[in-house]
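Read through the structure below, which is laid out as structure tokens, and then see the notes.
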Amino acid sequence: MEFQAIILCGPGRGLEPLVSQTLPKALLPIANKPMLYYALEWCQRAGLSSVIVACSSNAEQPISKYITLGYNSIQTSKSMKVEVFAHDGETGSIVKDLKDKIKLDFILLPCDFITDLPPQTVVDIHRNQPLKTIGTGIWYTNNLDTMDKQTLKPDLTIHTAISNPHPQLLDIYHRPKGNNQLHVRMSMLWEYPHATISTSLLESHIYLFSRKTIDYDFGDTDSALSITATSEKAGTGESVRWKKPWTFVVRDIARDSWRHANSANRDTVGMYVVPKEHSFIRCKSVLAYLEANRLILKQSSYTAPPSTATANGAAIGRDSLVGIGTVMGEKTNVKRSIVGADCIFGRECRLSGCVVMDGVVLGDGIHLDNCIIGNGVVIEDKSRLMGCTVEGRYVVRKGTQSKNEILRGYSAEGLLDASDEYEDETLEETDDDEDEDDDDEVDESALVESEGEGIDADDDDLFDRD
């Protein structure tokens, strides 16, 4: 069983102000390498021969340039073909429109994940699924103390017990607003009375699917009314089913496994949860981006800083990474930080736990603690920043004292089109078939808890969603 890969590269509105039209999310540096590099390397380790990088039309040129002049130039093996596909629609439409290019079973993955989970483990899990399993999705749990529940806000994932040999996805919901009740389908409860509702599983957006999924028959015999209503706005019933985020396509396939009279013969979607001993981060926010840099730094072997950085006596810890061409003044101290290429640091600067991108200029006496500094930023003398994010090309004036702030200049370039956000697919869409068999309202206390992942009726903020 061989696979092709489709890497989804959205602009990343959750990473503003670090991203822009000239620096799309896929090229945002993590440990001085573009984010896309790690997804491509994961595919390389999986032994894939074909990768399609799907991005918005605005990001096509810089991403194509990186792949041609950057990634391909450093690869010793040329066995993996990488091509760029520009598309400004929903991720479900992207997969459907790639029909002629997808010749094999495929792996759909985001450009923003960092993990030490071997790709072969994921492939083997899918290969060992029952014959009815048309696809397998990967979920993970947060194991970072700095990322709390309110920041991540996972959706509600309904599935069979994870302890089963082959866990199965049953449904996905966004969190209800204003109350602790969740509408679920009685047809599912009759079929799976011991279903688990997980409030902590996070979607990795890594999916392994059969090629036949592209021609999937959604079995809409009992939802013709829904399709008729929506077809007036979006064309045929088939196109309606694909003009949505891929998460919704997967959800609909999972629902088809139990909602029809012939459900026993329908395809199913398998699940795999990343073991806790492995790390997994998706860079969907500034905080997650900072943690991803730290994870890569922790996992990487020591790389000596360039001589230009230490020529004046700067102290650079072994837990730091400094790019080529960077110059540092005397008595400058760098700890647990990543510094890009061609930066210029003045005298007596102090950096701790920071990510500093290329071409940054620091004056004398600068103190930075847990900050992210964008490309080409200038920070003038005697400034002190703690927990701040600074937009590229911004000038921080002399003597600035800031804590936990976003420093940016507001320009048209920084405004992103939210419709292009491929990989940030939270379930905010109106559920076009939500009312078909939702006549029965099930209180959470009536739902079965399994392995500590059921709904906690006493958690008053469980369903809060900004």
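Taking the six-membered ring where tryptophan is involved, the planes of Trp246 and Trp242 are tilted, since the angle between them lies from 30° to 60°. By the 30° and 60° cut-offs, the orientation of the rings of Tyr71 relative to Tyr37 is perpendicular.
No more than 12 heavy atoms of other residues, nucleotides or ligands lie within 6.0 Å of CZ in Arg384, so this atom counts as exposed by the packing criterion. Heavy atoms of other residues, nucleotides or ligands lying less than 6.0 angstrom from CG of Leu297 number more than 12. Annotation: Gln299, atom CD; neighbour count of heavy atoms from other residues, nucleotides and ligands within 6.0 Å is above 12.
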message: I'd like to know whether Ser285 forms a side chain to side chain contact (heavy atoms under 4.5 Å, CB included) with Leu15, so could you lay out the CA-CA distance, the side-chain angles of the two residues, the decisive distance to 0.1 Å, and finally the verdict.
response: CA-CA 5 Å; Ser285 68; Leu15 288 165; 5.5 Å; no

- request: Would you sort out whether Val53 and Tyr66 count as a side chain to side chain contact (heavy atoms under 4.5 Å, CB included), showing the intermediate values?
  value: CA-CA 12 Å; Val53 178; Tyr66 164 68; over 6 Å; no

query: Could you walk me through whether Glu90 and Lys244 pass the salt bridge (charged side-chain N to carboxylate O under 4.0 Å, His left out) check?
result: CA-CA 5 Å; Glu90 295 282 6; Lys244 59 177 65 176; over 6 Å; no

task: Given side chain to side chain contact (heavy atoms under 4.5 Å, CB included), test Phe3 with Val123 step by step and report yes or no.
output: CA-CA 9 Å; Phe3 294 90; Val123 172; 3.7 Å; yes

- request: Let me see the working for Phe209 and Val250 under side chain to side chain contact (heavy atoms under 4.5 Å, CB included), right down to the final yes or no.
  value: CA-CA 10 Å; Phe209 266 85; Val250 173; 4.0 Å; yes

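Contact of the Cys388 side chain with the Leu368 side chain is not registered, since no non-hydrogen atoms from C-beta on lie closer than 4.5 Å. No side-chain heavy atom of Ile338 sits less than 4.5 Å from a side-chain heavy atom of Val356. Between Lys101 and Ile52, some side-chain heavy-atom pair lies under the 4.5 Å cut-off. Side-chain contact check for Leu18 versus Lys25: every heavy-atom pair is 4.5 Å or farther apart. The closest side-chain heavy-atom distance from Leu27 to Pro62 is below 4.5 Å. Between Ser352 and Asn370 the shortest side-chain heavy-atom distance does not fall below 4.5 Å. In this structure the side chain of Met357 reaches within 4.5 angstrom of the side chain of Leu28, judged on heavy atoms. Between Ile379 and Val361, every side-chain heavy-atom pair lies at or beyond the 4.5 Å cut-off.
Here the closest non-hydrogen pair linking Val396 and Ser383 is CG1-OG, 4.1 Å. Of all heavy-atom pairs between Val322 and Pro305, the closest is CB-CB, 4.2 Å. The two atoms that bring Val84 and Glu60 nearest to each other are CG1-CG, 4.0 Å, heavy atoms only.
Between the side chain of Ser402 and the main chain of Glu405, no donor-acceptor pair closer than 3.5 Å is present. Listed for the Thr115 side chain is a donor-acceptor partner under 3.5 Å among the backbone atoms of Ser279. Thr68 places a side-chain N or O within donor-acceptor distance of the main-chain N or O of Ser64, the cut-off being under 3.5 Å. No donor-acceptor pair under 3.5 Å is formed between the side chain of Thr332 and the backbone N or O of Phe345. The backbone N or O of Val339 sits less than 3.5 Å from a side-chain atom of Asn32, completing a donor-acceptor pair. Not a single donor-acceptor pair under 3.5 Å links the side chain of Glu380 to the backbone N or O of Arg397. Checking side-chain atoms of Glu391 against main-chain N and O of Gly409 turns up a donor-acceptor pair under 3.5 Å. Remark: the backbone N or O of Val334 is not paired with any side-chain donor or acceptor of Ser337 at under 3.5 angstrom. The closest donor-acceptor contact from the side chain of Asn293 to the backbone of Tyr289 lies under 3.5 Å. With Asp171 contributing its side chain and Ile158 its backbone, the two residues share no donor-acceptor pair below 3.5 Å.
Cation-pi geometry between Arg255 and Tyr173 is met: under 6.0 angstrom from the ring centre, within 45 degrees of the axis. Relative to the ring axis of Phe113, Arg282 does not place its NZ or CZ within 45° and under 6.0 Å from the centre.
None of Ser93, Ser57, Ser56 except one satisfies the side chain to side chain donor-acceptor pair (under 3.5 Å) rule with Asp88; the exception is Ser57.
Side-chain contact, Ser20 with Thr22: a donor N or O sits under 3.5 Å from an acceptor N or O. With 3.5 Å as the limit, one finds a donor-acceptor pair spanning the side chains of Glu203 and Thr247.
Within the model, atoms SG of Cys349 and NZ of Lys331 stand 13.0 Å from one another, a figure rounded to the nearest 0.5 Å. In this structure, CG in Leu104 is found 6.5 Å from OG in Ser49, a value given to the nearest 0.5 Å. In this structure, the separation between CG on Leu290 and CD1 on Ile372 is 4.5 Å, given to the nearest 0.5 Å.
A salt bridge is absent between Glu16 and Arg13; no separation between the charged side-chain nitrogens and carboxylate oxygens falls under 4.0 Å. Between Lys335 and Asp319 no salt bridge is recorded (no basic side-chain N to carboxylate O distance below 4.0 Å).
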